[in-house]
J.: 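First the structure, which I've put down as structure tokens, then a few questions once you've had a look.
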Amino acid sequence: MPTKYDPKEAEAKWYPYWLEGKFFNAERNAEKTPFTIVIPPPNVTGNLHIGHALNNTLQDILIRSKRMQGYDALWLPGMDHAGIATQARVEGRLKEEGISRYDLGREKFVEKVWEWKDKYAEIIRRQWSKMGLSLDYSRERFTLDEGLSKAVREVFVRLYEKGLIYRGKYIINWDPETRTALSDIEVEYKELKGALYHLRYPLKDGTGYIEVATTRPETMLGDTAVAVHPKDERYQKLIGKTVVLPIIGREIPIVADDYVDREFGSGAVKITPAHDPNDFELGRRHNLEQILVMDEAGKMNENAGAYQGMDRFACRKQIVKDLQDQGVCFKIEEHIHQVGHSERSGAVVEPYLSTQWFVKMGPLAEEAINKQKSEERVAFVPDRFEKIYLHWIENIRDWCISRQLWWGHRIPAWYCGSCGEMTVSREDITTCPHCDSTELKQDNDVLDTWFSSALWPFSTLGWPEETEDMKHFYPTDVLVTGYDIIFFWVARMIFTGLEFTGENPFKNVLITGLVRDAEGRKMSKSLGNGVDPMEVIDQYGADAMRFMLATGNTPGNDQRFRWERVESARNFANKIWNASRFALMNLEGFTAADIDLSGNLGTTDKWILTRLNETIADVTRLLDQFEFGEAGRSLNNFIWDDLCDWYIEMAKPHLYGENAEAKKTTQSVLCHVLDQTLRLLHPYMPFITEEIWQHLPQSGASITVAPWPIVDETHHYPESVKQMGLLMEVIRSVRNIRAEMNVPLSKKVELMIKPTNEEAYSLLSQGEEYIERFCNPQKLEISLSLGVPDKVVSAVVTGAEIYLPLAGLIDIDKEIARLEKDAEHLKNEVERVNKKLVNQGFVAKAPAHVVEEERAKGKDYQEKLEKIQVRIQELKN
RNA sequence: GGACGAUUAGCUCAGUUGGUUAGAGCGCUACGUUGACAUCGUAGAGGUCGGCGGUUCGAAUCCGUCAUCGUCCA
């Protein structure tokens, strides 16, 4: 084995091996408890980003650990057709060739998108494999594939038949850039500095004018009323009168409506029912005409008179100028307001009157709310996200699901050119069921991408068929996703899941934060600060990236991407590699059958086995609680500190020594501990653990299916932890003295240790060989009755006093100063503890064991302090 | 305007039901190539846990309030 771990080699070797062995394929075994995760399907628009890497790593850790724990683990992969995003990308590509989608026509264009999809699906699969994800590719799905399309149709038709899907003419959010309707949540509101334009509309009777204010003056071309508050005294006598709309000359009424805010502006508002949601509602109450003044591209239409053909913003400029010239616009104020932008294209969203399809949310939301308030709620992790979800679903509005795109699930509604009836159908139809005419035309629109994503946890398992997979693996166990799509996706999966399967689609939702750049900025294409996970893997290996992401922080919080942290993780991998290399070099000829822990275990053996037990318990518990960071740190500490820094060093004398029995015991312990540790680490670092494990004396096919370690009660020795503690403390003190007194390890010195009692004496005597090895003394004396020389450097630990006679080598004043510093520190501790103990409240109210611990601490500090003070006195004499 | 989150060592972050001498990695300082590893080892410096007030025998941890930054919702 080389001295450095080569990630590329291991990664290239093991992923194909895993696939060939079908280790990732779920069994659908009735004997086993299923554990299911469906991957949040990435968009087929392009490459995976570092956020996917985080999200997928966490899922892989979960699924790998559950698989090893004996569950029938299914991690189902798939991709999303991502309507607007994908269509926009393909259109962009065509544009480079000077072609628009209209040049190609719908059919040809969709063919092009499928080509794109095939290409990127392949890229994404390759990226998944690079990351080492244990996905069951035999069950991979795509939101537009046949089965899922069938599920989409089924859901659409059922909701339609139930009256929960309807078609109608309403104000929706229109994106003039991509020329499609958007749902409410696809609109991002940004605070912008705009203007409030004050206009005077003249009364028809010539008795004056009424003042209105607007932020979108171009919409005045579509005004069909002016509204005032019915109780507004200023306007009482104007209600019912008629004004003449400037420029257009249309006569429009002044109406009274409670909706009007008397405080805002002049208290009178212009009403444009076709371009504003509130005006739309008001217009319906007052039977006002709805006049659209723009087309789908955001250009002024034939109703805009002279402005026809102008872009909406150009028109705004021009119309303001014209209104000013006419004296209609008499004041322009700076005005900061929230302006909706398309989440996809960034274009300013236009409230627009349009015929669209909607999901009626009331009944669906109610069911979801009730469920969430019952025992059968979805567990959000961290739980604060539950509130965010509930608040949203409790205030939800109907969902606009039709999109004026070509890429997506086409709406299964047909219009008859003969009788004019509309038919919604599961199957494509060619004749009208109402009049038998064949003049049928399918609705041009497609469904919101999230409509199909909402069905993902069950449509991927074969629903609406009653498949075996559905019966066995549904509902799923955990959904891992970012907080940015709780509304878009999580909420919608929950209410569709409840409606169509009667259950929550998942038991837990693990919410992750965003991976930001090193400065804490959101990664974005425009900033160019994104980190490509493939580059990270290329430089440091997949395991390092995974470990870094998984231990980066706590669930739900954002984390910053820092290369130094990837480097640390890479170093950790290398540490494991070298520890294993050491072990393997000393396990020559040793087989799995040779492992024997029944022999005469030493304190260090007992200690490392006990620490292993603790680590197994911690990691298992923490993973169940989704505490990936803590579990990873626990493993890091165990491997680096306990295993490498102490156990391996202490194993050396046995491995190199003549005692065959001791050697075999040490080999057994080392081999066992390493094997168990690799298994615990495997979910985080699949490649390196497999690579090493395959070198280890063991008989399994792959660590991916090796049983998860369990706490071994027969090898649990809590007293060994205390015993090792003393040994470690003695060794550390000697090192500390050597460092502080500038006595390098190469310099042999005499070392005298005076244990405080028989027990400590026995322990330290047993550990003599280790003290020799770690402290490199010329002569070591451990005795309860030591004749301490005058010129000596010393230290006091709990259980022993340590002396290094360094006559002539040291500066007495320096040693006194060093001891006084220790004494000072101990004095503070003694004082702190005493203060607690004299406090009657503490002694009376604190739990007995806490008081007892505090007393013991106080006694220990006091004893150490006294001993140090004695040493100081002796040096001063 | 409402809700939530963050504020802990120079930097990035842990700290899970209130009781640890407040931790890690990186960085820094000083030593060190002893037969796994310099992608390393040993030792060390560095924090009044954002401010104020409260609850409690005891607060980084619970409550209130303020400040700064950030996110979501309206």
Side-chain angles (χ1 to χ4, degrees), chain A residues 1-5 184-185 188-189 338 382 384-385 387-388 391-392 395 483-484 486-487 513-514 516 518-522 540-541 544 548 551-586 621-622 625-627 629-630 632-634 636-637 640-641 643-645 648-649 651-652 655-656 731-746 773-774 776 825-826 828-830 832-833 835-847 849-851 853-854 857 860-861:
Chain A
M1 282 170 88
T3 60
K4 281 174 190 163
Y5 168 59
D184 293 337
I185 51 176
E188 287 180 336
Y189 289 88
Q338 300 285 328
R384 65 186 139 94
F385 289 105
K387 249 197 287 182
I388 295 174
H391 179 258
W392 184 73
N395 294 283
Y483 58 68
D484 50 335
I486 291 176
F487 304 150
L514 267 39
R516 296 174 174 274
E519 276 78 53
R521 296 172 304 180
K522 205 166 162 173
Y540 292 96
M548 173 268 177
T551 57
N553 70 350
T554 37
N557 289 353
D558 294 351
Q559 68 172 291
R560 298 186 190 197
F561 184 93
R562 306 192 128 244
W563 287 100
E564 306 95 277
R565 291 192 38 243
V566 189
E567 204 178 312
S568 298
R570 189 272 316 262
N571 294 351
F572 177 49
N574 201 53
K575 189 74 183 175
I576 299 153
W577 179 257
N578 276 293
S580 306
R581 206 163 69 89
F582 167 81
L584 290 166
M585 281 161 58
N586 290 286
R621 175 179 53 84
L622 289 165
Q625 297 169 347
F626 307 113
E627 295 278 0
E630 287 296 301
R633 275 183 283 280
S634 171
N636 189 315
N637 292 341
W640 208 310
D641 302 340
L643 186 60
C644 294
D645 289 350
I648 285 183
E649 288 308 318
K652 282 176 182 173
L655 294 171
Y656 299 151
I731 291 166
R732 277 199 207 100
S733 313
V734 175
R735 283 170 171 171
N736 175 288
I737 290 171
R738 297 190 84 123
E740 290 204 17
M741 303 311 285
N742 290 319
V743 185
L745 197 62
S746 54
R773 179 172 180 84
F774 283 82
N776 197 28
H825 175 70
L826 282 167
N828 289 338
E829 290 305 317
V830 167
R832 194 181 53 77
V833 171
K835 226 168 108 184
K836 268 191 182 178
L837 291 171
V838 292
N839 181 341
Q840 278 311 303
F842 174 72
V843 179
K845 293 189 181 175
H849 76 273
V850 173
V851 178
E853 278 165 26
E854 215 59 35
K857 266 191 257 175
D860 184 41
Y861 293 143

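Predicted model only: the values in this text are computed from it and were never measured. Just so it is clear, the values below take in all heavy atoms, side chains as well, and ignore hydrogens, waters and symmetry mates.
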J.: Separation of A:Asp641 atom CG from B:rA43 atom P, in whole Å?
T.: 11 Å
J.: Taking atom P of B:rC37 as reference, at what distance in whole Å does atom CD1 of A:Ile576 sit?
T.: 16 Å
J.: Respond yes when some side-chain nitrogen or oxygen of A:Tyr861 is under 4.0 Å from OP1 or OP2 of B:rU21, and no when none is.
T.: yes
J.: OP1 or OP2 of B:rA36 less than 4.0 angstrom from a side-chain nitrogen or oxygen of A:Tyr656, does that happen here?
T.: yes
J.: Has the side chain of A:Glu630 got a donor or acceptor atom sitting under 3.5 Å from an opposite partner on the base of B:rA24?
T.: no
J.: A:Arg735 CZ to B:rU34 P: how many Å, rounded?
T.: 15 Å
J.: Looking for any heavy atom pair under 4.0 Å, which part of the strands does A:His825 touch: base, sugar-phosphate only, or nothing?
T.: base
J.: Report the distance from atom CG of A:Asp558 to atom P of B:rA6, rounded to the nearest whole Å.
T.: 11 Å
J.: Specify the separation, in whole Å, of atom CG of A:Asn574 and atom P of B:rA38.
T.: 8 Å
J.: Hunt down the Watson-Crick or G-U wobble partner of B:rA43, both distances under 3.5 Å, from any strand shown, or write none.
T.: B:rU29
J.: Without decimals, in angstroms, what is the distance between A:Phe572 CZ and B:rU39 P?
T.: 18 Å
J.: Does OP1 or OP2 of B:rG44 have a side-chain N or O of A:Asn736 closer than 4.0 Å?
T.: yes
J.: Can you check whether A:Arg633 has a side-chain N or O nearer than 4.0 Å to OP1 or OP2 of B:rA14?
T.: no
J.: Please give, in whole Å, the distance from B:rC13 P to A:Glu564 CD?
T.: 12 Å
J.: So, under a plain 3.5 Å distance rule, would you say the side chain of A:Arg570 forms a donor-acceptor pair with the base of B:rU39?
T.: yes
